[in-house]
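Every chain is numbered from 1 and lettered A, B, ... according to where its sequence line falls, protein lines coming before strand lines.
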Amino acid sequence: MTDGRRLYRRGRALARASPRPAIIGPMSVSASDPFPGWDGSIAGARQLQRQLAAQVRLQDALADAPRTVAGFDVGFDDGGATTRAAAVLLDADTLQPLERHLVRVPTRMPYVPGLLSFRELPALLHALDRFSTAPDLVMVDGQGIAHPRRLGIAAHFGVATGLPTVGGAKRLLCGHFDPPGPRPGDRSPVLHQGEVVGMALRSKARCNPLIVSPGPRVSLDGAVALVLRCLAGYRLPEPTRLADRLASRRDGAARRG
DNA sequence: GCGACAG
DNA sequence: ATCTTGTCGC
């Protein structure tokens with residue numbers, strides 16, 4: 001299924017997928033064709049990343065008072081054959097969930113460091129389509145611009161949808177940082193090739209720092225401020241934490257025993 | 001050549 | 001990511 005040139009399997013199911021609602025924005029691509037122009041190769045994927053990264057603008061351009069925040073994450077089933085994408089919409093002020101969606105689609109790409117979005121973005125876009133209304137802000141489990149070519153899955157999501165997006169990862173993909181202070185809120189810049197591409201944020205005491213990096217329409221400082229606003233006593237911000245629980249079949253309602 | 005390597 | 005119970009530390 002992977003011959004080095006065509007690593008991505010285009011499937012019938014994807015071809016007849018439902019079109020994206022018109023609530024997303026002018027920059028959006030359809031969930032059925034997430035990577036227009038991609039030839040399916042590794043080199044082509046990297047080239048597309050460089051091209052899309054050039055479209056990322058880090059000027060804050062979100063609603064004055066975001067009313068909703070969405071969290072996205074992915075998990076796997078059937079030994080990896082099925083990709084589970086979770087999308088949770090929360091009230092930005094109370095952080096209470098308003099909508100929760102879980103979609104299952106066939107896995108079509110293996111995990112390749114630096115090309116995570118080519119594996120998980122399609123499923124995330126399908127999950128996004130389930131929302132009854134577009135979120136004011138998006139948070140994705142993964143890197144924003146803290147990526148070798150400045151297009152982690154969060155940044156890619158933002159470019160693909162036109163929505164303001166923030167990346168929150170549990171670990172670093174590239175670059176380095178000095179350990180931030182021990183108290184919640186302490187932070188230390190993430191550097192890569194001489195550029196500040198993110199912030200290692202101590203979101204909770206005695207926990208490893210969260211790697212925060214912006215996607216389109218959000219600045220680095222803005223991303224940190226938004227993440228801080230979404231914290232509720234856990235290392236991960238609520239949007240991503242709830243999506244993670246839903247995608248990883250660890251959701252309270254789905255557990256027995 | 002060697003080490004690193006989101007999820 | 002995923003396979004998996006209890007356990008050490010705060």
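- Ring geometry for Phe72(A) against Phe131(A) counts as perpendicular: the plane angle is over 60°, on a 0 to 90° scale with 30° as the lower cut.
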Show me the protein contacts with nucleotides 2-7 of chain B, counting only N or O atoms at under 3.5 Å.
| residue | atom | partner | partner atom | Å |
| --- | --- | --- | --- | --- |
| dA6(B) | OP1 | Arg171(A) | NH2 | 2.6 |
| dA6(B) | OP2 | Tyr111(A) | OH | 2.7 |
| dA6(B) | O4' | Gln143(A) | NE2 | 3.4 |
| dA6(B) | N7 | Gly114(A) | N | 3.4 |
| dA6(B) | N6 | Gly114(A) | O | 3.1 |
| dA6(B) | N6 | Leu115(A) | N | 3.4 |
| dA6(B) | N6 | Leu116(A) | N | 3.0 |
| dA6(B) | N1 | Ile153(A) | N | 3.1 |
| dA6(B) | N3 | Gln143(A) | N | 3.3 |
| dG7(B) | OP1 | Lys170(A) | N | 2.9 |

Output one line per pair: protein atom, nucleotide atom from nucleotides 8-10 of chain C, and distance, for all N/O pairs under 3.5 Å.
| residue | atom | partner | partner atom | Å |
| --- | --- | --- | --- | --- |
| dC10(C) | O3' | Arg206(A) | NE | 3.0 |

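- Taking atom CZ of residue Arg250(A) and atom C1' of nucleotide dA1(C), one finds them 11 Å apart after rounding to whole Å.
- Taking a cutoff of 4.0 Å between a charged side-chain nitrogen and a carboxylate oxygen, Arg249(A) and Asp77(A) qualify as a salt bridge.
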Practice prompt. Please assess Ile153(A) against Glu120(A) for the test side chain to side chain contact (heavy atoms under 4.5 Å, CB included), listing each intermediate value before the final yes or no.
Written response: CA-CA 8 Å; Ile153(A) 188 169; Glu120(A) 304 187 347; 3.7 Å; yes
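- At a cut-off of 3.5 Å, with distance as the only test, no side-chain donor of Asp141(A) or Thr240(A) sits close to an acceptor on the other residue.
- Not one N or O on the side chain of Arg202(A) forms a donor-acceptor pair closer than 3.5 Å with the backbone of Arg187(A).
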Practice prompt. With side chain to side chain contact (heavy atoms under 4.5 Å, CB included) as the test, would you mind laying out the steps for Asp136(A) and Val69(A) before giving the verdict?
Written response: CA-CA 6 Å; Asp136(A) 291 332; Val69(A) 190; over 6 Å; no
Worksheet item: Can you list the steps and then say if Ser28(A) with Thr161(A) is a side-chain hydrogen bond (donor to acceptor under 3.5 Å, both in side chains)?
Response: CA-CA 4 Å; Ser28(A) 68; Thr161(A) 64; over 6 Å; no
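- Aromatic rings from His156(A) and Phe35(A) are positioned such that their centres are separated by under 6.0 Å.
- Between the CE atom of Met109(A) and the C1' atom of dA1(C) there is a distance of 14 Å, rounded to whole Å.
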